Every structure is written in C-alpha cells, then in structure tokens.
Amino acid sequence: MKVILIIVYSLLVSSHIFCQENLDLRDDVLITSTFTEREIEGLESMIQYVDNKVTQESIDLSINKAYHLFFEKISKSKEYFAPFGETEKYQFLNSLDSVQFSAVWKFETDIQVLNTGDTIYRNLKNIPQLVIKPFSKYMDYLKEVGKEDSYFEALQKNFTTIGSFSLDDFVWFFKNHSTFNFTIPKNRLWAVIYILRMEETMDKKLERYLNIKN
C-alpha cells in the first residue's frame with residue numbers, strides 16, 4: 001500500500017511540474033483577441049523551436065531558469081553571439097505559412113551600400129535579413145499589452161518611431177533579463193522573438209553571398 005501511495009504521489013508531482021512548464025499562449029486573453037488560431041499555432045511553433053535550443057544545455061533546469069541562463073551567456077560573451085545558423089533558422093521560418101510568418105516578421109533582401117573592411121559594395125541583391133515588422137499583428141498585441149506594462153509600451157513605440165529594433169532595446173533586454181518571468185506568455189513570446197531576431201554578422205552574410213555567387 002505504501003509503495004502505491006509513493007507512486008501516486010510521484011505521478012502527481014510530475015504532473016504538477018509538467019503543468020508549470022507547459023506554456024499555453026491562450027491563457028493570455030490579449031493573444032487570443034489579437035491573433036487568429038492559425039497565427040497562434042505559428043507562434044507556438046516558434047516557441048517550441050527556440051525552447052529546444054535554449055534547453056539543450058539546461059535539461060535539468062526549469063524552462064524559466066534555462067532562459068535566464070541563456071541570456072546570461074549572451075551578456076557574458078565577448079564575441080558576437082548568434083544562437084542559430086541562418087540556413088537552419090531560415091528553413092524553420094520558411095516552414096511557417098505566410099500568415100503565420102507575417103504576424104511578426106518580414107525578410108529584407110536588398111542592401112544599397114555595404115562598407116566592410118576596405119571594400120564598398122553597392123546594390124547587393126538577395127542577402128536575406130530577418131526583420132521584426134514595425135506594423136504587424138505582434139505590434140498590435142504589444143500596443144495592448146503596453147496599456148498595463150510600461151516596458152512593452154516603450155518597446156512598441158520605439159518600433160513604430162524608428163521602424164526597427166534599436167540597439168538600445170537589444171542591449172537592455174539581455175542585461176535586464178532577470179526582471180522577467182519566462183513562464184508568462186508575453187515574456188516568453190518576446191524572448192523567443194528576440195532570440196530568433198539575432199542574426200549572423202553582415203560579414204558572414206556577405207561571405208556566404210559571395211561564395212554562392214561565385
């Protein structure tokens with residue numbers, strides 16, 4: 001009898017832990033009122049994709065601690081940090097349908113002028129750069145969230161004002177990640193978008209472009 005009780009208790013504890021770790025975006029009423037079900041499925045795919053990366057080296061930690069450890073790694077890195085190779089990442093993003101993708105993202109592919117080393121390149125075509133859209137369903141969501149959260153209010157206004165992700169916003173977030181709970185949908189979703197937005201350097205993009213072109 002005692003053995004049975006121990007087993008039952010273990011199952012209950014495991015179930016409780018699982019429920020804590022299992023993020024449901026639909027718990028956020030602003031998500032369900034802003035995004036369609038199809039778009040939410042796309043957001044869930046993005047979260048799962050990044051979760052897998054973040055937890056690779058932190059399997060024994062909670063998802064919240066794993067994200068904090070990941071951002072701590074970024075903050076302490078002395079080299080430019082891009083968590084995903086772009087070939088792999090773009091394959092994933094291209095697996096989303098156009099509605100899911102455009103709820104957050106767009107690709108920019110043309111560069112008018114690129115100055116690298118002692119060389120100036122002009123009118124480069126087909127060098128993809130992943131961009132968070134300043135006017136999108138996700139920005140509509142941030143505008144609503146911002147009515148009660150000053151961080152997301154400022155973030156959304158900055159995107160609208162300058163039309164892109166500012167360096168100040170980028171640096172502030174990984175330096176202040178400890179103030180966020182990543183089991184909360186709005187925080188986890190932003191962390192995922194932030195991580196996916198981290199691109200390889202322009203030098204690396206250019207090297208790949210020139211190799212393909214030649």
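Index from 1, following the sequence. Since we're looking at a predicted model, the values are computed, not measured.
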Where is the tightest heavy-atom contact between [X] and [Y], given as atom of each residue plus distance?
| X | Y | result |
| --- | --- | --- |
| I127 | L124 | CD1-CD1, 3.7 Å |
| L61 | L69 | CD1-CD2, 3.9 Å |
| Q100 | G42 | NE2-N, 3.4 Å |
| P128 | Y90 | O-OH, 3.4 Å |
| V50 | I195 | CG1-CD1, 3.8 Å |
| F152 | L142 | CD2-CD2, 3.5 Å |

*May I ask you to check whether over 12 heavy atoms, not counting those of K143, lie within 6.0 Å of atom NZ?*
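Counting neighbours around NZ of K143, 12 or fewer heavy atoms of other residues, nucleotides or ligands fall under 6.0 Å, so no.
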*Quick check: are there more than 12 heavy atoms from other residues, nucleotides or ligands sitting under 6.0 Å from CD of E148?*
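Counting neighbours around CD of E148, 12 or fewer heavy atoms of other residues, nucleotides or ligands fall under 6.0 Å, so no.
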Is there a continuous path of hydrophobic side-chain contacts, each under 4.5 Å between heavy atoms, that joins [X] to [Y]?
| X | Y | answer |
| --- | --- | --- |
| L167 | M198 | yes |
| I184 | I47 | no |
| V131 | I162 | no |
| I31 | I132 | yes |
| F107 | L196 | yes |

[Y] and [X], any side-chain heavy atoms less than 4.5 Å apart:
| X | Y | answer |
| --- | --- | --- |
| Y141 | L43 | no |
| F173 | F165 | no |
| F135 | F159 | no |
| M202 | Q129 | yes |
| F182 | H68 | yes |
| H177 | I74 | no |
| W105 | I193 | yes |
| D51 | Y67 | yes |

_Ionic contact status for E72 with K65, cut-off 4.0 Å_ =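 Judged by the 4.0 Å cut-off on N to carboxylate O distance, K65 and E72 do not form a salt bridge.
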_Quick test of your reading of the model: are E41 and R38 salt-bridged, counting only N-O distances below 4.0 Å?_
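A salt bridge is present here (some side-chain N lies under 4.0 Å from a carboxylate O).
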*List in chain and number order the residues that pass salt bridge (charged side-chain N to carboxylate O under 4.0 Å, His left out) with E108, two or more places apart in sequence or in another chain; answer none if no residue qualifies.*
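In terms of salt bridge (charged side-chain N to carboxylate O under 4.0 Å, His left out), with neighbours along the sequence ignored, E108 is linked to K106.
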*asked:* Can you list everything that forms a salt bridge (charged side-chain N to carboxylate O under 4.0 Å, His left out) with D149? Sequence neighbours excluded, please.
replied: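 Salt bridge (charged side-chain N to carboxylate O under 4.0 Å, His left out) check on D149 returns K186.
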Would you compute the distance between atom [atom1] of [X] and atom [atom2] of [Y] and round it to the nearest 0.5 angstrom?
| X | Y | atom1 | atom2 | result |
| --- | --- | --- | --- | --- |
| M46 | L96 | CE | CG | 5.0 Å |
| E199 | E86 | CD | CD | 4.0 Å |
| E37 | T32 | CD | OG1 | 9.5 Å |
| Q56 | F70 | CD | CZ | 9.5 Å |
| T161 | K157 | OG1 | NZ | 8.5 Å |
| S102 | D97 | OG | CG | 8.0 Å |

Backbone N/O of [Y] and side chain of [X]: donor-acceptor pair under 3.5 Å:
| X | Y | answer |
| --- | --- | --- |
| K205 | E200 | no |
| E44 | L25 | no |
| K175 | S75 | no |
| N187 | N181 | yes |
| Q156 | G146 | no |

Is the centre of the [X] ring less than 6.0 Å from the centre of the [Y] ring?
| X | Y | answer |
| --- | --- | --- |
| F92 | F84 | no |
| F180 | F71 | no |
| W172 | Y194 | no |

*With distance as the sole criterion, is a donor-acceptor pair present between the side chains of Q48 and N52 under 3.5 Å?*
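Present: a donor and an acceptor within the cut-off.
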*I63 and R188: CA distance, side-chain angles, deciding distance, side-chain contact (heavy atoms from CB on, under 4.5 Å) verdict*: CA-CA 10 Å; I63 193 69; R188 178 85 142 276; 3.4 Å; yes
_K137 vs T36, side-chain contact (heavy atoms from CB on, under 4.5 Å): CA-CA, chis, key distance, verdict_ = CA-CA 10 Å; K137 282 286 193 77; T36 66; 4.1 Å; yes
*Can Y151 and N176 be said to form a side-chain contact (heavy atoms from CB on, under 4.5 Å), step by step?*
CA-CA 11 Å; Y151 170 73; N176 294 274; over 6 Å; no
*So N158 and D168, side-chain contact (heavy atoms from CB on, under 4.5 Å) or not? Walk me through it.*
CA-CA 10 Å; N158 286 347; D168 286 344; over 6 Å; no
